[in-house]
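This structure is a prediction, so every number in the text was calculated from the model and none was measured.
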Amino acid sequence: MKLNLGDQSLDFPCGKCGNKISEKIGRLKRNPDLTCPACGTVISVNADELRRGINSVQKALDDLGRKLKGMFK
């Protein structure tokens, strides 16, 4: 079950002012740095952690797809 996770958004709190920053996963994969629109603080997302999380979610979705297909055989 392929889902385009790049279109999904993640929310991050700014460590300086607490403002919520929402960004799409696809954009974060290309550039893991965010700038808080409220105070200008640059937040760096750990690209390796993001990649591991995306892979984990995709594996869970693939497993779910296989289980669902098995139910309707």
Does a side-chain heavy-atom distance below 4.5 Å link Lys29 with Ile54?
yes

Result block: side-chain N/O donor-acceptor pairs under 3.5 angstrom for residues 35-46, not counting sequence neighbours:
{"from": "Ser44", "atom 1": "OG", "to": "Asp33", "atom 2": "OD1", "distance (Å)": "2.7"}
{"from": "Asn46", "atom 1": "OD1", "to": "Asp48", "atom 2": "N", "distance (Å)": "3.0"}
{"from": "Asn46", "atom 1": "OD1", "to": "Glu49", "atom 2": "N", "distance (Å)": "2.9"}

For Asp63, which residues count as a side chain to side chain contact (heavy atoms under 4.5 Å, CB included) partner, sequence neighbours excluded?
Lys59, Arg66

Please set out all donor-acceptor pairs under 3.5 angstrom arising from side-chain atoms of residues 13-24, sequence neighbours excluded.
{"from": "Ser22", "atom 1": "OG", "to": "Asp11", "atom 2": "OD1", "distance (Å)": "3.0"}

Answer yes or no: is there a side-chain heavy-atom contact under 4.5 Å between Arg27 and Leu10?
no

